[in-house]
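Note that this is a predicted model, so its numbers are computed, not measured. A, B, ... follow the sequence lines: proteins, then strands. Residue 1 opens every chain.
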Number of protein chains: 2
Amino acid sequence: MALAGKRNSSAKLRSAAFRRIRADHLTELAEDYVELIADLIDERGEARGTDIALRLGVANATVVKTLKRLQDAGLVSQEPYRAIFLTGDGWKMAEDGRRKHKIVEGFLLALGVGAETARIDSEGIEHHVSEETLKAMARFLARSG
Amino acid sequence: MALAGKRNSSAKLRSAAFRRIRADHLTELAEDYVELIADLIDERGEARGTDIALRLGVANATVVKTLKRLQDAGLVSQEPYRAIFLTGDGWKMAEDGRRKHKIVEGFLLALGVGAETARIDSEGIEHHVSEETLKAMARFLARSG
DNA sequence: ACTATAGTTTAGCCAATGCTAAATTTACCC
DNA sequence: GGGTAAATTTAGCATTGGCTAAACTATAGT
Ligand SMILES: [Mn+2]
Ligand SMILES: [Mn+2]
Ligand SMILES: [Mn+2]
Ligand SMILES: [Mn+2]
């Protein structure tokens, strides 16, 4: 095989990682939204746009626009001026998000990271860990706790 | 303090994590670009747009546009139709990226994750770990290897 | 019932990041 | 040196996810 050919397949291999990251970023916001909505529903019976905006630290209008996309994606449902509900798919995604989130945050704590840092870092890391890495984290967690 | 007040400060605390993530996402692409450019320069003497596009898995035109932004940000420099260079700031960011990347990837390997998964997951995780978490990972790494 | 306030939506803007197709430039080969 | 092939840039488009300001709705208090 020529040098150019080797270069090509090596590059294709490497690019897989970046493709995965770009894909992760597309679902990341949706995951955080549905998880947050699930939390609000469990904590206080309903999820309102204002509360979502406040917890995410974005403007109300941003939440409205994002919820519209999530509705199109079949994750949430709502009537104008009413509270927000999760669809079946929405709940499924929220539960999976909670599962991952719990493992990653618990793992960081077990690793010796402070509570505040574990909370903040896990919010970002959770979207970029594969099932294999999650399994390794859970194993470590089980052994150390 | 009233209930609304408590809700408010709790929400403000939580929103810090999401603010950090949004900030991370703004620098994430820049970090990957400069690190990749540094690798290309070290590996083969120069970094060309085509190679960047190939390794990232995006179109050439996308690379051109992004490089323009990185140039405005003072991270890279280039003349039309010529190879791409890193500025002092660009090299600094690339070195820091390599440092973090190495720790995260090495850590995942030490945790028992397979080489391929460690490579892929670390490409995303590296942008969302604080210095405190990096330190904890380095500690684990030192102890286990 | 009216009205003030709080919550929500709409309108219109912007930046970042991706794409394809067409034009341009460079580099290499004869 | 001239002609091609590859690299590069430009043009034009779309989506995501942010913002502010203005308009609208629902609700709670009087
Ligand atoms: Mn989460
Ligand atoms: Mn998150
Ligand atoms: Mn990310
Ligand atoms: Mn990366």
Would you kindly give the [atom1]-to-[atom2] distance between [X] and [N], to the nearest whole Å?
X	N	atom1	atom2	result
B/Glu46	C/dT26	CD	C1'	13 Å
B/Leu54	D/dT8	CG	P	12 Å
B/Glu28	C/dT17	CD	P	9 Å
A/Asp32	D/dT16	CG	P	17 Å
A/His127	D/dG17	NE2	C1'	15 Å
B/Leu67	C/dG18	CG	P	12 Å
A/Leu29	D/dT15	CG	P	17 Å

Residues clustered with B/Leu109, ILVMFWY side-chain links under 4.5 angstrom: none
Under a single-linkage rule joining Ile, Leu, Val, Met, Phe, Trp and Tyr whose side-chain heavy atoms are separated by less than 4.5 Å, which residues share a cluster with B/Val64? none
With a non-hydrogen cut-off below 4.0 angstrom, is B/Leu26 in contact with a base, only sugar-phosphate, or nothing? nothing
Dot-bracket, DNA chain D: Watson-Crick or G-U, under 3.5 angstrom, [ ] crossing, | other strand? ||||||||||||||||||||||||||||||
Give the C-alpha distance, both sets of side-chain angles, the deciding distance and a yes or no for side chain to side chain donor-acceptor pair (under 3.5 Å) between B/Glu28 and A/His25. CA-CA 11 Å; B/Glu28 183 164 349; A/His25 283 160; 3.2 Å; yes
Contact list for residues 94-112 of chain B, test side-chain hydrogen bond (donor to acceptor under 3.5 Å, both in side chains), sequence neighbours left out: B/Glu35-B/His101, B/Asp39-B/Arg98, B/Asp42-B/Arg98, B/Asp96-B/Arg99, B/Arg99-B/Glu131, B/His101-B/Ser122, B/His101-B/Glu126
Any side-chain hydrogen bond (donor to acceptor under 3.5 Å, both in side chains) involving residues 108-119 of chain B? Give me the pairs, sequence neighbours left out, ordered by first then second residue. A/Glu132-B/Thr117, B/Glu116-B/Arg119
Would you mind writing out the side-chain donor-acceptor pairs for residues 69-91 of chain B within the sub-3.5 Å range, not counting sequence neighbours?
residue : atom : partner : partner atom : Å
B/Gln71 : NE2  : B/Gln78 : O            : 3.2
B/Thr87 : OG1  : B/Gly74 : O            : 2.6
B/Thr87 : OG1  : B/Leu75 : O            : 3.1
B/Thr87 : OG1  : B/Asp89 : N            : 3.4
B/Thr87 : OG1  : B/Gly90 : N            : 3.1

At less than 4.0 Å, is any side-chain N or O atom of A/Arg48 found next to OP1 or OP2 of C/dT8? Yes or no. yes
Any side-chain N or O of A/Thr50 below 4.0 angstrom from OP1/OP2 of C/dT8? yes
Those residues at least two apart in sequence (or on a different chain) that pass ring pair (Phe, Tyr, Trp, His ring centres under 6.0 Å) with A/Phe140 are A/Phe107, B/Phe140
Tabulate protein N/O versus nucleotide N/O from nucleotides 19-21 of chain D, keeping only pairs under 3.5 Å, one per line.
residue : atom : partner : partner atom : Å
D/dC19  : OP2  : A/Ala59 : N            : 2.7
D/dC19  : OP2  : A/Thr62 : OG1          : 2.8

Not counting sequence neighbours, which residues clear salt bridge (charged side-chain N to carboxylate O under 4.0 Å, His left out) with A/Asp121? List them please. B/Arg20
Is the backbone N or O of A/Gly57 less than 3.5 Å from a side-chain atom of B/Arg22, with the two atoms forming a donor-acceptor pair by type? yes
What pairs with A/Val63 under side chain to side chain contact (heavy atoms under 4.5 Å, CB included), at least two apart in sequence or on another chain? A/Tyr33, A/Ile52, A/Ala53, A/Val58, A/Leu67
Listing request: all salt bridge (charged side-chain N to carboxylate O under 4.0 Å, His left out) pairs with a residue in residues 134-145 of chain B, at least two apart in sequence or in separate chains. none
Looking at DNA chain C, which of residues 68-86 of chain B put a heavy atom within less than 4.0 Å of it? B/Arg69, B/Tyr81, B/Arg82
